[in-house]
Amino acid sequence: MSSLLVDNIGELVTNSEGGAGPLGVRRNAALLVEDGLVAWVGPARDAPAADRRIDAEGAAVLPGFVDSHAHLVFAGDRAAEFAARMAGEPYTGGGIRTTVGATRAATDDELRATVRRLRDEALRQGTTTIEIKSGYGLTVADEARSLRIAAEVSEETTFLGAHVVPAEYADRPDDYVGLVCGPMLAAAAPYARWIDVFCERGAFDVDHARAILACGQAVGLGVRVHANQLGPGPGVQLGVELGAASVDHCTHLTDADVDALASTRIDCMCAEGQHTATVATLLPGAEFSTRSPYPDARRLLDAGVTVALATDCNPGSSYTSSMPFCIALAVREMRMTPAEAVWAATAGGAAALRRTDVGRLARGARADLMILDAPSYLHLAYRPGVPLIRQVLCNGVPQCRP
Ligand code: NIG
Ligand code: FE
């Protein structure tokens with residue numbers, strides 16, 4: 001069993017008991033890795049001997065980001081649609097069908113190359129766990145291959161056959177729901193951990209969404225929902241009703257939506273408890289790229305809702321893989337404190353995936369971490385747009401330096 005000591009850490013974010021504040025911060029710390037797991041955390045002066053050593057040189061060390069919402073399996077891009085939006089066009093989700101056409105026409109290797117390129121891009125920015133959705137295939141074969149390719153690089157894969165009704169089913173949405181619940185789910189489920197529905201005007205109504213999510217649950221998939229992105233609607237409360245791990249976007253919420261989410265809260269801000277909450281996953285990259293009002297994060301946090309931050313990386317509404325960018329947006333535009341934003345991007349993402357082995361750095365957790373080129377996590381928001389990730393370790397293994 002080989003061991004690795006990450007030593008001389010100026011500020012260690014643990015998201016765990018034993019450190020200060022909601023981030024469980026320890027100063028002048030060290031962390032021992034054995035067999036890919038955190039074996040010990042403590043003061044640098046008490047650090048045990050190890051086979052190898054990484055000197056953090058007084059920098060900050062954080063758990064790797066947990067990006068719990070990304071759509072990486074697609075072909076083509078929609079830069080022209082983005083330019084039109086910046087010139088005043090609204091975002092409606094209508095461009096999803098453009099990407100569906102390009103994705104269906106792509107080879108497996110082309111899709112695989114895009115998924116790996118974006119996964120690597122995210123890794124260089126500190127993301128060590130990334131959820132990947134299907135949803136740009138929308139045929140039995142294209143959804144299954146999207147998930148098969150996603151599963152090659154992530155254990156967090158989500159079947160989103162109910163992203164939109166594809167053009168060939170435009171006049172018979174009931175038939176498309178039947179396809180999603182039947183042969184498409186059967187082909188997708190072996191490669192998926194989760195099921196998701198875009199529950200929104202213009203996509204799937206609440207009855208269709210409930211039926212699809214229930215079919216997924218019946219074959220053992222966990223539930224997540226794209227909810228309340230473009231306007232108020234039933235998605236958030238449907239997610240709570242079904243015990244969803246996460247409802248995502250949450251841009252337009254009523255008091256009843258916030259109350260429903262708060263009723264599922266986990267009491268401990270630390271990530272060690274059992275996750276039973278329905279997390280509100282906020283995706284500020286989407287509001288940035290669609291020039292839309294940001295979700296009211298303060299209202300959710302002040303009500304006690306568990307909040308996660310994720311990128312929503314996709315070619316339409318949010319073509320960013322950068323969790324540091326999302327943290328900076330959340331702090332500047334959504335009035336989250338830097339500590340709340342960093343927690344939401346690490347432990348919050350883990351809660352949204354019902355994981356306790358990632359998003360924190362405590363004995364027994366996976367040694368997924370990043371060393372910053374900065375003395376404090378505060379710099380992630382304080383120095384927006386700056387590549388601050390010096391080194392990333394996955395399971396204790398140093399990845400290529402960014
Ligand atoms: O989460 N809202 C639905 N799906 C994606 C956008 C997809 C697209 O525009 O291609 C989202 O924002
Ligand atoms: Fe999304």
Side-chain angles (χ1 to χ4, degrees), residues 1-66 125-129 266-273 323-324 327 337-351 355-383 388-399 401-402:
M1 177 172 64
S2 84
S3 57
L4 167 69
L5 186 71
V6 184
D7 200 4
N8 198 12
I9 302 169
E11 179 186 270
L12 176 64
V13 171
T14 68
N15 288 336
S16 181
E17 287 165 12
L23 293 180
V25 170
R26 290 172 175 264
R27 305 210 177 270
N28 304 318
L31 178 149
L32 182 71
V33 180
E34 285 175 351
D35 284 341
L37 302 180
V38 178
W40 177 89
V41 170
R45 63 176 179 277
D46 298 340
D51 302 326
R52 287 171 303 130
R53 177 175 179 270
I54 293 176
D55 184 352
E57 298 172 342
V61 170
L62 286 79
F65 295 124
V66 180
Q125 296 170 92
T127 298
T128 50
T129 301
I266 47 174
D267 286 327
C268 180
M269 271 274 281
C270 308
E272 284 132 322
M323 291 294 279
I327 288 171
T337 66
E340 286 168 339
V342 165
W343 191 92
T346 51
R355 297 274 296 266
T356 55
D357 59 331
V358 295
R360 66 195 184 99
L361 291 172
R363 190 179 157 82
R366 262 165 57 159
D368 289 355
L369 58 89
M370 73 188 96
I371 304 172
L372 296 189
D373 255 330
S376 169
Y377 70 84
L378 290 170
H379 286 230
L380 290 165
Y382 171 49
R383 306 200 63 215
L388 289 181
I389 316 302
R390 183 192 303 169
Q391 190 166 20
V392 179
L393 275 64
C394 288
N395 286 309
V397 178
Q399 307 296 300
R401 278 177 185 261

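Values below: all heavy atoms of this structure, side chains included; hydrogens, waters and symmetry mates excluded.
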(message) Can a donor-acceptor pair be found, under 3.5 Å and without considering hydrogens, that links the side chain of Asp51 to the backbone of Ser3?
(response) yes
(request) Keeping to residues at least two apart or across chains, list the salt bridge (charged side-chain N to carboxylate O under 4.0 Å, His left out) pairs with something in residues 28-37. (result) none
(message) Once rounded to the nearest 0.5 Å, what's the spacing between atom OG of Ser16 and atom CZ of Arg360?
(response) 6.0 Å
(message) Looking at every heavy atom in both Thr128 and Gly64, which two are closest together, and how far apart are they?
(response) OG1-CA, 3.2 Å
(message) So which atom in Ser2 and which in Arg52 form the shortest heavy-atom distance, rounded to 0.1 Å?
(response) OG-NH2, 4.0 Å
(request) Considering non-hydrogen atoms only, spot the tightest contact between Trp40 and Ala47 and give its length. (result) CH2-CA, 3.6 Å
(message) Can you confirm whether Pro338 sits close enough to Leu380 that some side-chain heavy atom of one is under 4.5 Å from a side-chain heavy atom of the other?
(response) no
(request) Using the test side chain to side chain contact (heavy atoms under 4.5 Å, CB included), find all partners of Pro398 that sit at least two apart in sequence or belong to another chain. (result) Ile54, Gln391, Leu393
(message) Strictly by salt bridge (charged side-chain N to carboxylate O under 4.0 Å, His left out), give each pair with a member in residues 41-50 just once, sequence neighbours left out.
(response) none
(request) Report yes if the side chains of Phe65 and Thr346 come closer than 4.5 Å at any heavy-atom pair, otherwise no. (result) yes
(message) Could you check whether any side-chain N or O of Asn15 sits under 3.5 Å from a backbone N or O of Gly359, counting only pairs where one atom can act as donor and the other as acceptor?
(response) yes
(message) Quick check: do Arg383 and Leu388 have side-chain heavy atoms less than 4.5 Å from each other?
(response) yes
(message) If I compare all heavy atoms of Gly126 with all of Met370, which pair ends up nearest, and what's the gap?
(response) O-CE, 3.7 Å
Output a table of donor-acceptor pairs, distance under 3.5 Å, between side-chain atoms of residues 361-368 and any protein atom two or more places apart or on a different chain; print 'none' if there are none.
residue, atom, partner, partner atom, Å
Arg363, NH1, Ala39, O, 2.8
Arg366, NE, Asp368, OD2, 3.3
Arg366, NH1, Glu155, OE2, 3.2
Arg366, NH2, Asp368, OD2, 3.2
Asp368, OD1, Asn395, N, 2.7

Do any side-chain atoms of residues 20-33 form donor-acceptor pairs under 3.5 angstrom with protein atoms, and if so which ones, sequence neighbours left out?
residue, atom, partner, partner atom, Å
Arg27, NH1, Glu11, OE1, 3.1

(message) Show the nearest heavy-atom pair for residues Val61 and Ala56, with the distance to one decimal.
(response) CG2-CB, 4.3 Å
(request) Please name the pair of heavy atoms, one in Thr129 and one in Thr127, separated by the smallest distance, quoted to 0.1 Å. (result) O-CG2, 3.3 Å
(request) Applying side chain to side chain contact (heavy atoms under 4.5 Å, CB included) between Leu62 and each of Leu369, Leu12, Ile371, Leu372, report the one that passes. (result) Leu372
